[in-house]
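Scroll down for the structure; my scribbles are underneath it.
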Amino acid sequence: MGLQLYNSLTRRKEEFEPLEKGRVGIYVCGPTVYGHAHLGHAKSYVSFDVLVRYLRYLGYAVTYVQNVTDVGHLTDDADEGEDKIAKEAKKEKTHPMALAEMYTRSFFEDMDRLNCLRPDISPRASGHIIEQIELVKTLVETEYAYEVNGSVYFDVSKFEEYGKLSGRNIEEMQAGARVEVSPDKKNPADFALWKKAEPNHIMQWPSPWGKGYPGWHLECSAMSMKYLGATVDIHGGGLENQFPHHECEIAQSEAANGVQFVRYWMHNNMVTVDSQKMGKSLNNFITLKQAFSGAHERLTRSYEPLAVRQLILNSHYRSPLDFSDAALFAALSGYGKIADVVKGVRKMAPQAPEGDIEGEVAEQLEQFKGRFEEAMNDDLNTSVALSVVFELVRLANTLLEDSSTTAATLGAVDDLFTRLGGDVLGVVKDEYEQTGRAGEAMMDKLVNVLIDQRNQARKDRDFARADSLRDSLDEVGIVLEDTPQKTTWRMK
RNA sequence: GGCGGCGUAGCCAAGAGGCCCAAGGCGACGGUUUGCAAAACCGUUAUUCGCCGGUUCGAAUCCGGCCGCCGCCUCCA
């Protein structure tokens, strides 16, 4: 059985088949860059990163598009709604584009540290105003949209399938509407495609309806069509965007093109903190920079970025992740265990005895690979996939303790770690920096001076002195590990 | 009010009718190893899956009720 993905549109797992054999187009809703990325962003983008990586592992040629929203995302849909970027820029006393640029860089920096592959295309909403205006023009011409006072709204009543993704209908929503409805709208559910800009609004462009700026939902449709065509294989995003954002995308795209917009809709679940949704507007979020540095009251220490990745992959993308320092700490330990054994395998392989790969080991590796793929094929069950990696860890550690293990065997183990743990899950690095920088080389030398002294003391059976040296190193966070051959050290 | 989801060991988390007296990780405990540690390996750590009923030869998994929690319906990954 091939890859099965849960399609939010049909509410069940479906065999994945791209429109064009061997090629996959993916569009994922990117961040609105008005603040540093937080754990919620991490869950979303790590999840879709693994999807992209796995599709490539399966041999698909993937085009991965993830937008950057730098204009048009309003604080709410009412008339007083402010542009989020413009609002934050005013607060930080900077130009909206400067603010967007700064947080865009910050975002990529954090994603790089999480080992998320860069999207093939990262289109900015502000760079696609023309395409967005064209799309609005089409919708006005076909009477799916109407202009009022310099703003253009999508007429939801004209699009019969509105609500098919989120399973709601217009009548129900009217009953539950909490937002004050703009008097310009024909129907409360209508949404803005183009908004008229007040003279003091910095971000504005000329259009057939006067000066204004695009509505938030519009950019994803315009850019998805531009780079991936009228129909895209997969569109991903956070569960909270299912309605209204994705529903609106479907309406405007399918109204304009007359063909299905997205074949597989994928939504990742949310990150909660103390069972409360973590969100920018709730101000209870932990940014990735805080997680990496430990600068947050809920964190007891700084965390290796890939420990965050490991924590995310430990659960399913469609399950909520309730964040805690304890859970992240556990993920860090597990991540470290994998890293340690991979380092060990790579170090030992060149000096291991020559010879063929052991048949029994080869068989086991093949079996791990099969179970890993089976788990990933089941709607990306990374939790089970990771458990297979941990079984590989145990096997590798056992092989390392056996001095007769051949170089070929260790090579095959390394290869599987690299492919499954590295290429697909992204928690195994291609290279682990040991003594790259000058400071680290110096450090290594200094620690080794002390290690030599301690080993001399041990040889002299002066264990008091040996232990005292070890304790001193322990105080500065350096742990020693003795093996029959030599003593190694690592940071706690 | 409408729509949707969740509740599995001390913690995180898979499993969705029999392979389950329930994977994997963290932690804890015991053992092997070690001068002692650390690391690693081996073993133990849920006869039971929120509670109560039902369907079934058989249920953590299906159905009903109850309790608790969460999300969406307004911006959020």
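To find a chain, count down the sequence lines: A is the first, B the second, and so on, and within it residues start at 1. Nothing here was measured: the structure is a model prediction, and the numbers come from that model.
Between B:C26 and A:Lys337, a contact under 4.0 Å exists linking OP1 or OP2 to a side-chain N or O. Here A:Asn397 reaches the OP1 or OP2 of B:C41: one of its side-chain N or O atoms lies under 4.0 Å away.
A:Asp325 places a side-chain N or O within 3.5 Å of a backbone atom of A:Thr300 that can act as its donor or acceptor partner. A:Asn67 places no side-chain N or O within donor-acceptor distance of the main-chain N or O of A:Pro123, the cut-off being under 3.5 Å. Remark: side-chain polar atoms of A:Arg124 are not paired, donor with acceptor, to backbone N or O of A:Val71 under 3.5 angstrom.
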Self-check item: Under 4.0 Å protein heavy-atom contact, by nucleotide of nucleotides 6-11 of chain B - B base, S sugar-phosphate only
Solution: ------

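Between the side chains of A:Thr418 and A:Arg346, at least one donor N or O lies within less than 3.5 Å of an accepting N or O.
By the 6.0 Å contact criterion, CD on A:Glu360 is open, its count of non-hydrogen atoms from other residues, nucleotides or ligands being 12 or less. With a 6.0 Å radius and a threshold of 12 heavy atoms from other residues, nucleotides or ligands, A:Lys289 has its NZ atom above the threshold.
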Practice problem: Could you provide the dot-bracket string of RNA chain B, using ( ) for intrastrand pairs, [ ] for crossing pairs and | for bases paired to another strand, with Watson-Crick or G-U pairs below 3.5 Å? | Solution: ((((((((.[[[..)..(.....]]]((((((.......))))))....[[[[[..)....]]]]])))))))....

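In this model, a side-chain donor or acceptor of A:Arg458 finds a partner on the base of B:G35 within 3.5 Å. The base of B:A40 is not paired with the side chain of A:Arg394 by any donor and acceptor separated by under 3.5 Å. With hydrogens and angles ignored, a donor-acceptor pair closer than 3.5 Å exists between the side chain of A:Ser383 and the base of B:A23. Not a single donor-acceptor pair, N or O on each side, falls under 3.5 Å between the base of B:G15 and the side chain of A:Asn381.
Using a 4.0 Å heavy-atom distance criterion, A:Gly40 is classed as a base contact. Among the heavy atoms of the strands lying under 4.0 Å from A:Arg490 are primed sugar atoms or P, OP1, OP2 only; no base atom is included. At a threshold of 4.0 angstrom between heavy atoms, the contacts of A:Leu239 with the nucleic acid are absent.
Between A:Arg394 and A:Glu391 there is no salt bridge, since none of the side-chain N atoms of the basic residue sits less than 4.0 Å from a carboxylate O of the acidic one.
Rounded to an integer number of Å, the gap from CZ of A:Arg454 to C1' of B:A37 is 8 Å. In this structure, CD of A:Glu481 is placed 10 Å from P of B:A38, rounded to the nearest angstrom. Going from atom CG of A:Leu395 over to atom C1' of B:A40 covers 13 Å, rounded to whole Å.
Stacking of A:Arg301 on the aromatic ring of A:Phe329 is not recorded, the 6.0 Å distance cut-off and the 45° axial limit not both being met.
The only option from A:Arg318, A:Lys13, A:Gln4 that meets the side-chain hydrogen bond (donor to acceptor under 3.5 Å, both in side chains) definition with A:Asp379 turns out to be A:Arg318.
In this pair, A:Phe390 does not lay its aromatic ring on the base of B:G24; centres under 5.5 Å and planes under 30 degrees do not both hold.
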